[in-house]
Amino acid sequence: MNPDSGVVVFIKAAVVLLIALLAVPIAVWFERRVIALLQDRLGPNRVGPAGILQPIADAVKLMFKENVVVSGADSMVYKLAPAFAMVPSLLAFTVIPFTGPTDFFGWLSAPTRLQVADLNIGLLFIFAASSLSVYGVCLGGWSSNNKWSLLGGMRSSAQMVSYEITLGLSVLGVLMISGTISLSGIVEAQSAGVWHWYVWKQPLAFALFVAAMFAETNRLPFDLPEAESELTGGYHTEYSSLRFALFFMGEYAAMFAMSALAITLFLGGYHAPALWNVTLVPESVAWLWQLGWFIVKALAFLFLFVWVRGSWPRLRYDQLMALGWKVFLPLALLNLLLTAGVMTVFDRPSLGLNPVRSCSLSPRWDFGLRGRAGHAPPAPRKEDGVILELAKGLAITFRHMLQKKVTVQYPEELRPRAPYYRGLHKLQRYADGLERCVGCALCAAVCPSDAIYLEAEENDPNDPVSPGERYAKVYVINELR
Amino acid sequence: MGLEHEIANALGENIITTSMESAINWCRKNSIWPVTLGLSCCAIEMMATGASRYDLARFGSEVFRPSPRQADLMIVAGTVTKKMAPVVKRVYEQMAEPRWVIAMGACSSCGGMYNVYSVLQGIDQVIPVDIYVPGCPPRPEALIYGIMQLQKKIEEERLVSPQARAAGDLQPALSA
């Protein structure tokens, strides 16, 4: 079958959509389990093996919840906003190459990638699409007729617009080295092995990209739009049911889309690290091998997202803006200048004509890297301290992830109670075995929920059940009433 | 139930049949998201329930939603003063159906030790309550037990309109 035919493109689109949508529940489950491990807990473990069905329960429950439309809301915009938050994240998946060229077990007449559209401006497309998602957040906040939503939406717009600049500037270095903005071209330029991945040539850009990625997806430590301690729920305060689920899924899909972009630009895309390269597996299943590596890298990014969430506190809003405009933006510009300078002095790449040639790792490039590190301006001491503290935080949570969990699995195992504990709602006994209850039924009378049922009977003086005249023949506490 | 068994027999062991109702109830009971509503000292025990030692997350209930629209359960944890009562009622009314309420501790169940002019003598005077958890404050185990009881209650619910549900004795009438 011709790889350019509409059927093939449609099937590829369906498969990529499936990957994107399947990734969301897996990410939710992964996050809830891993964040629990980081916090010395167990996390969801009751539904299905290791709680794997938890996201399904959540999704179905949300689906069957009441769909609130707030009075005073701008109805049309209110209903469309969640879709605006979800769709751009899915759009970004269309240009990500998940595998190298393959004919899918001889099904196609010519090899093609598992990539819906191999646009030659793939990177621009992703930036165009992902910057649309700010509309979902902004309009959702505005149309809800709620001041907290509005504040959350405004914050989010400012944050996403600010950090998009860093995001865009940080990838420019990669574009300059690779000489292409086609994502498949950038991946192919990194095919020679793990040392040719752009993360080594552009470490600063990679760090900036990852940091801006956290801000773009509204994840901790940049989750100010949601900031539940100040804004209740931020822009999705008034959303319930499936519309809220769409916002929720949009966030996770955006996480994956951004991770996929970072993998493609800096971490060799679907290429395996040198030792486990594609030569190890037969040609026909190479694409599965590559897809597998892509997923492994995406999971590593997901772990990073969760790890950071479990370790760091949220920034204040002015800190967030200062960080974006006064630290990240100058650093991104500096990186751009250094890359351009190094390329001018040490290398003269053909401008976008041959991406593979211009990225080959020559000894001169190594020299250029060392030279750059030497010329980097020393960071202020205060920043040094902050970075050290952040690293310490990560180390602590990672150590706790590996430690034994402190959770007591309550219904199955019980903690020993202190001997003086009197809060147990059951029939108490004296040391000689006699019941403390004399069947006065006062407890049943005062119980606000009528949860106690009691029938009293006269004591047999020869074989007393309680020290009084009467005892409780039936004594039931039913919290369900 | 008879038809369900017949279908299950006809299809054999490899296919699971279930009614829509039990499937939805299963999902609902395993994903009870509480709204963050800590009023006083019981809230500390509620936090302890969510923390590492007791880990409410095991039941899928650790997702404390800041917005009542997204929450399923209101754990009224603490003393409800008469000034606070309208707020509690409003938060309850803002929650999307289906919604449940746990009165945690003596104060929210019946006023507790505050038998005074300023304290509401039990939140069941303003909103319907599903589960009362006794204690002052209840231990985290007690709250988890209450949530497990609520899970049992959800399992038995029928997918009918609130009006019809109010006619039955499964749940008190909900404010429509």
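The sequence lines fix the lettering, A, B, ..., with proteins before strands; numbering per chain opens at 1.
Nearest heavy atoms, B:M148 versus A:P411: SD-CG, 3.5 Å.
The backbone N or O of A:R41 lies less than 3.5 Å from no partner atom in the side chain of B:S52, so there is not a single donor-acceptor pair.
Interface residue B:A51: only backbone heavy atoms are found under 4.5 Å from chain A. For A:L414, no part lies under 4.5 angstrom from a heavy atom of chain B. For a residue to count as touching a neighbouring chain, one of its non-hydrogen atoms must lie under 4.5 Å from one of that chain's; by this rule A:Q54 touches chain B with the side chain only. Proximity to chain B (any heavy atom under 4.5 Å) is restricted, for A:V68, to the side chain, taken from C-beta onward.
Counting heavy-atom neighbours within 6.0 Å of A:R436 CZ, excluding the residue itself, gives a total above 12. Other residues, nucleotides and ligands contribute more than 12 heavy atoms inside 6.0 Å of the CH2 atom of B:W26. More than 12 heavy atoms of other residues, nucleotides or ligands lie within 6.0 Å of NZ in B:K82, so this atom counts as buried by the packing criterion. Counted within 6.0 Å of CZ on A:F30, heavy atoms from surrounding residues, nucleotides or ligands total more than 12; the atom is thus considered enclosed.
Tested against B:R53 for a side chain to side chain contact (heavy atoms under 4.5 Å, CB included), the candidates A:V408, A:T407, A:D40 yield a single pass: A:V408.
The shortest distance between side-chain heavy atoms of A:V70 and B:R69 falls below 4.5 Å. Looking at A:R32 and B:V63, their side chains come closer than 4.5 Å, going by heavy atoms from C-beta outward. A heavy-atom distance below 4.5 Å is found between the side chains of B:R28 and A:F64. Looking only at side-chain heavy atoms (C-beta outward), A:H236 and B:S67 stay at 4.5 Å or farther from each other. Using a 4.5 Å heavy-atom cutoff, the side chains of B:D72 and A:K65 are in contact.
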Item to check | Verdict with supporting geometry, B:M95 and A:E66, side chain to side chain contact (heavy atoms under 4.5 Å, CB included) | outcome: CA-CA 9 Å; B:M95 286 165 70; A:E66 180 190 358; over 6 Å; no

Item to check | Stepwise side-chain hydrogen bond (donor to acceptor under 3.5 Å, both in side chains) test for B:R58 and A:Y410 | outcome: CA-CA 10 Å; B:R58 292 178 293 124; A:Y410 161 63; over 6 Å; no

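Rounding to the nearest 0.5 Å places OG1 of A:T237 at 7.0 Å from CD of B:Q70. In this structure, A:N45 CG and B:D55 CG are separated by 7.5 Å, a value rounded to the nearest 0.5 Å. The NZ atom of A:K61 sits 10.0 Å away from atom SG of B:C27, with the distance rounded to the nearest 0.5 Å.
Ranking B:S31, B:P66, B:P68 against chain A, the residue ahead of the rest is B:S31, based on heavy-atom pairs under 4.5 Å. Comparing A:K405, A:M63, A:Q409 by how many heavy-atom pairs each has under 4.5 Å with chain B, the most go to A:Q409.
Between B:W33 and A:F248, the ring planes are tilted. Angles from 30° to 60° get that label.
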